[in-house]
Number of protein chains: 2
Amino acid sequence: MANQKTAEEEETLLAGIAKYGTGKWRNILEDPEFSVQLQYRTNIDLKDKWRNMSRINPIQERNPNMVRFNE
Amino acid sequence: MANQKTAEEEETLLAGIAKYGTGKWRNILEDPEFSVQLQYRTNIDLKDKWRNMSRINPIQERNPNMVRFNE
DNA sequence: CAGTAGGGATAGGGTTCA
DNA sequence: TTGAACCCTATCCCTACT
């Protein structure tokens with residue numbers, strides 16, 4: 001997602017997800033309730049933006065003593 | 001087509017196409033010669049997998065700005 | 001309703017760059 | 001080196017046609 005009016009676009013995306021759920025990027029884009037604010041975005045943009053917004057553990061180091069079950 | 005035993009599944013699909021031709025996905029699936037290896041696949045899976053396997057050119061051009069050191 | 005063809009959409013790994 | 005933005009494409013979905 002490029003660069004401008006980012007806050008408004010993020011709010012709109014969140015509202016779209018609240019209405020349709022995640023993974024319904026095309027539906028969100030085509031809803032007249034959101035289409036004006038998101039007119040410069042593609043469904044792929046929304047998917048990637050949501051992935052970044054919902055990222056859980058970006059900053060902290062992993063506890064070196066932690067062992068995952070699947071490794 | 002999901003993810004595991006991919007190589008074996010691809011070989012089996014190819015063998016099935018050799019026997020029945022393309023577009024005979026249901027026939028391939030139900031042939032006891034192939035049904036074990038393809039038991040987790042649908043006729044639609046086979047159609048889509050073959051579309052990928054038989055693709056001649058990549059779907060999109062690579063980013064022309066990207067140059068790897070090792071290529 | 002079944003099956004197939006083909007366009008469209010999504011998921012997730014990969015790449016770029018500030 | 002990190003992370004937001006953007007790319008790649010296998011897989012999955014939708015619909016028309018038969």
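Numbered from 1 within each chain, the chains take letters A, B, ... in sequence-line order.
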Is the base of D:dC6 touched by the side chain of A:Asp45 through a donor-acceptor pair closer than 3.5 angstrom? no
Full working for salt bridge (Lys or Arg N to Asp or Glu O under 4.0 Å) between B:Lys49 and B:Glu9: CA-CA 10 Å; B:Lys49 184 62 176 176; B:Glu9 290 180 317; over 6 Å; no
Interatomic distance where CD belongs to B:Glu9 and C1' belongs to D:dT11 [whole Å]: 13 Å
Select from B:Lys47 and B:Glu30 the residue whose nearest nucleotide in DNA chain C is closer to the 5' end of that strand. B:Glu30
Tell me which one of A:Glu30, A:Arg26, A:Lys24 satisfies side chain to side chain donor-acceptor pair (under 3.5 Å) with A:Asn43. A:Arg26
Whole-Å gap separating P (C:dG6) and CG (B:Asn52): 14 Å
Partner nucleotide of C:dA2 by Watson-Crick or wobble geometry (both distances under 3.5 Å): none
Nearest-neighbour nucleotide for the B:Asp48 side chain, C:dA9, C:dG13, C:dG7 considered: C:dG7
Taking only the side-chain nitrogens and oxygens of B:Lys49, find out if one of them lies under 4.0 Å from OP1 or OP2 of D:dT11. yes
Hey, are A:Asp31 and A:Tyr20 close enough side-chain-wise for a donor-acceptor pair under 3.5 Å? yes
What's the CG-C1' distance between B:Leu13 and D:dA10, to the nearest Å? 14 Å
Base of C:dG13 paired with side chain of A:Arg51 (donor-acceptor, under 3.5 Å): yes
Look at the side-chain N and O atoms of A:Trp25 and state whether any lies under 4.0 Å from the OP1 or OP2 oxygen of C:dA11. yes
Round to the nearest Å and state the distance from A:Arg41 atom CZ to D:dC7 atom C1'. 16 Å
Output the rounded distance in Å from CZ (B:Arg26) to P (C:dA5). 13 Å
Sub-3.5 Å donor-acceptor pair from the side chain of B:Glu11 to the main-chain atoms of B:Glu8, do we have one? no
Which residue lies toward the 5' end of DNA chain D, B:Ile44 or A:Ile44, if each is placed at its nearest nucleotide? A:Ile44
Can you tell me if A:Asn43 touches the phosphate of C:dT10, counting only side-chain N or O atoms and a distance under 4.0 Å to OP1 or OP2? yes
Length of the line joining B:Glu10:CD and D:dA10:P, which is rounded to integer Å: 10 Å
Output yes when at least one side-chain N/O atom of A:Arg55 is less than 4.0 Å from OP1 or OP2 of D:dA4, else no. yes
Could you check A:Lys24 against A:Met53 and say which one's nearest nucleotide on DNA chain D is further toward the 5' end? A:Met53
I want to check something: taking the side chain as every heavy atom from C-beta on, are B:Trp25 and B:Ile44 in contact at a cut-off of under 4.5 Å? no
